[in-house]
Amino acid sequence: MSTGQPNPFPRLLADIGGTNARFALETAPGVLEDIDVLPCKDYPTLVDAIRSYLEHAATRAVHHAAIGIANPVTGDYVQMTNHHWAFSIEATRRELGFSTLLLLNDFTALAMSLPFLPADELVQVGGGEPRHGAKALIGAGTGLGVSGLLPHGGGWVAIAGEGGHVAFAPGNEEEVALWRYAQRRFGEHVSAERFLSGPGLELIYDALAEADGEAAGQLPAAAISERGLSGTCPRCAQTLALFCGMLGNAAANLAVTLGAVGGVYIGGGIVPRFGDMFAHSPFRARFEAKGRFRDYTRALPVYVIHSAYPALTGVQAALREHLGERDA
């Protein structure tokens, strides 16, 4: 809620995932300071994490705050999907003494940052030049985030959805085997997030291990990525290749659904760490493998976001809009 009071600074901005909570203070229009990252597991509640951040930032009173969170925001009560935090937005606002507490999905916030990201923080992977039109956003981290940005009235409207939980669509026999493995473990519905996430890397690796007659649960996602990128583990390298191919398919599905002639953006914490490997992975081939729409997807540019804290920029823009301000 907003009380109609003046809009003083500093303002609290946050981007909360299933693993880390990223905080910043907007100390003047467009100026972000005191950026810090806190592990979610270290704090019993969201309020505890916010208070810890504000205490260490030693800031004066904060009246307005906005948070992007890895979760649907459909009402006052939030129960995180990939973490145990659960809270009432209004009760949290009152407990922290804020005049305004705005919550939005983290990938909705990230989508709102897309027009503001500098070119040198984007790495293009194939395709041509973007046109004016919808932009698609997808990214893997603790979960799979999906959003988009649609042109409207000279500005943009961000999509608030949960596209990471759509049904996974296998594209070949190898992926059908992975889908069957996941279905045995998790039940009838196998979401795209089951594979396209940190836990998804572990799931792919486990499925390959079981197919080779070995025990599952041997490697965490970070080790799989490290060994796959270094070439020291063929199964890890295969896991990364499968992951990138499946991400290409999911990104193309999103692109044709939105008509993303403005480009497809890859966010999240996993793909940016792949570096040059991603450009040479099966991603682009699978992205373009759209049958009669091959020429359509071939023309679409894909950008990997390498900004350090891009969602904070989107949260900042969302809060300005919520308070009825023009862009700084």
Side-chain angles (χ1 to χ4, degrees), residues 1-26 32 34-57 59-113 141-147 157-165 191 193 309 311-325:
M1 65 172 282
S2 178
T3 65
Q5 295 177 353
N7 305 321
F9 293 90
R11 298 171 180 178
L12 175 69
L13 308 176
D15 169 30
I16 297 175
T19 303
N20 292 312
R22 302 161 187 86
F23 293 101
L25 292 174
E26 185 181 12
L32 301 188
D34 294 306
I35 295 175
D36 200 3
V37 181
L38 305 182
C40 294
K41 65 179 178 58
D42 289 355
Y43 301 91
T45 69
L46 171 62
V47 169
D48 292 320
I50 291 175
R51 282 179 169 160
S52 177
Y53 168 75
L54 291 175
E55 179 181 345
H56 284 90
T59 183
R60 64 184 187 273
V62 169
H63 294 283
H64 301 296
I67 296 173
I69 191 166
N71 213 74
V73 181
T74 57
D76 177 69
Y77 186 74
V78 176
Q79 168 67 67
M80 291 187 68
T81 304
N82 292 315
H83 189 60
H84 69 265
W85 286 351
F87 56 92
S88 157
I89 300 172
E90 176 59 14
T92 300
R93 183 195 68 80
R94 290 197 306 264
E95 188 171 358
L96 292 167
F98 296 155
S99 299
T100 304
L101 178 57
L102 173 67
L103 256 78
L104 64 160
N105 174 267
D106 63 332
F107 262 68
T108 304
L110 183 55
M112 293 185 73
S113 78
T142 305
L144 177 65
V146 175
S147 185
V157 174
I159 295 173
E162 288 295 323
H165 298 281
S191 68
E193 181 177 270
Y309 305 104
L312 293 177
T313 299
V315 170
Q316 174 192 14
L319 183 55
R320 287 200 306 268
E321 182 177 301
H322 181 76
L323 295 172
E325 300 171 352

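Once rounded to the nearest 0.5 Å, the distance linking CG of N82 with OG1 of T142 reads 6.5 Å. Separating the CG atom in L38 from the CZ atom in R22 is a distance of 10.5 Å, to the nearest 0.5 Å. Of the inter-residue distances, the one linking I69 atom CD1 with W85 atom CH2 reads 7.5 Å to the nearest 0.5 angstrom. Atoms CD and OG1, from E95 and T45 in turn, are 7.0 Å apart once rounded to the nearest 0.5 Å. Atom CD1 of I35 sits about 9.0 Å away from atom CG of L13, to the nearest 0.5 Å. Note that the CD1 atom of I159 and the OG1 atom of T108 stand 8.5 Å from one another [nearest 0.5 Å].
In this structure, the side chains of P39 and N20 come closer than 4.5 Å at one or more pairs of heavy atoms. A heavy-atom distance below 4.5 Å is found between the side chains of L46 and I67. Contact check for S147 versus L110: no side-chain heavy atoms found under the 4.5 Å cut-off.
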As a quick check of understanding, evaluate side chain to side chain contact (heavy atoms under 4.5 Å, CB included) for R51 and L96, giving each step before the final call.
CA-CA 8 Å; R51 282 179 169 160; L96 292 167; 3.8 Å; yes
List the steps, then state whether salt bridge (Lys or Arg N to Asp or Glu O under 4.0 Å) holds for E90 with R94.
CA-CA 6 Å; E90 176 59 14; R94 290 197 306 264; 3.4 Å; yes
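For the pair D106 (side chain) and G68 (backbone), a donor-acceptor distance under 3.5 Å is absent. In terms of modelled atom types and a separation under 3.5 Å, the side chain of S52 and the main chain of A49 share no donor-acceptor contact. With hydrogens and angles ignored, the 3.5 Å screen pairs no side-chain donor or acceptor of S113 with any backbone N or O of A311. Of the possible polar contacts, none joining the H322 side chain to the A318 backbone as a donor-acceptor pair under 3.5 Å is found. The backbone N or O of A65 sits nowhere less than 3.5 Å from a side-chain atom of T100 that would complete a donor-acceptor pair. Put simply, the side chain of R320 never gets that close to the backbone of E325: no donor and acceptor are under 3.5 Å apart.
Just one of L144, N105, V146 meets the side chain to side chain contact (heavy atoms under 4.5 Å, CB included) condition when paired with E162; it is N105. Between Q316 and the choices E26, R11, E321, the side-chain hydrogen bond (donor to acceptor under 3.5 Å, both in side chains) rule is met once, by E26.
Across D76 and S88, no two heavy atoms sit closer than the pair OD2-OG, 2.6 Å. For the pair C40 and I16, the tightest heavy-atom approach, listed with the atom from each and the gap, is SG-CG2, 4.3 Å. Pairing each heavy atom of A86 with each of Q79, the nearest pair is CB-OE1, 3.2 Å. For L54 against V62, the heavy-atom pair with the smallest separation is CD2-CG2, 4.1 Å. Summarising the geometry of A24 relative to L312, their closest heavy-atom pair is CB-CD1, 3.8 Å, with the distance given to 0.1 Å. Taking each heavy atom of L103 and V73 in turn, the nearest pair found is O-CG1, 3.8 Å.
Enclosure of atom NE2 in H56 is not indicated, since only 12 or fewer non-hydrogen atoms of other residues, nucleotides or ligands lie within 6.0 angstrom.
Residues that satisfy the ring pair (Phe, Tyr, Trp, His ring centres under 6.0 Å) test with H165, not counting sequence neighbours, are absent from this structure. With sequence neighbours left out, Y53 forms a ring pair (Phe, Tyr, Trp, His ring centres under 6.0 Å) with F23.
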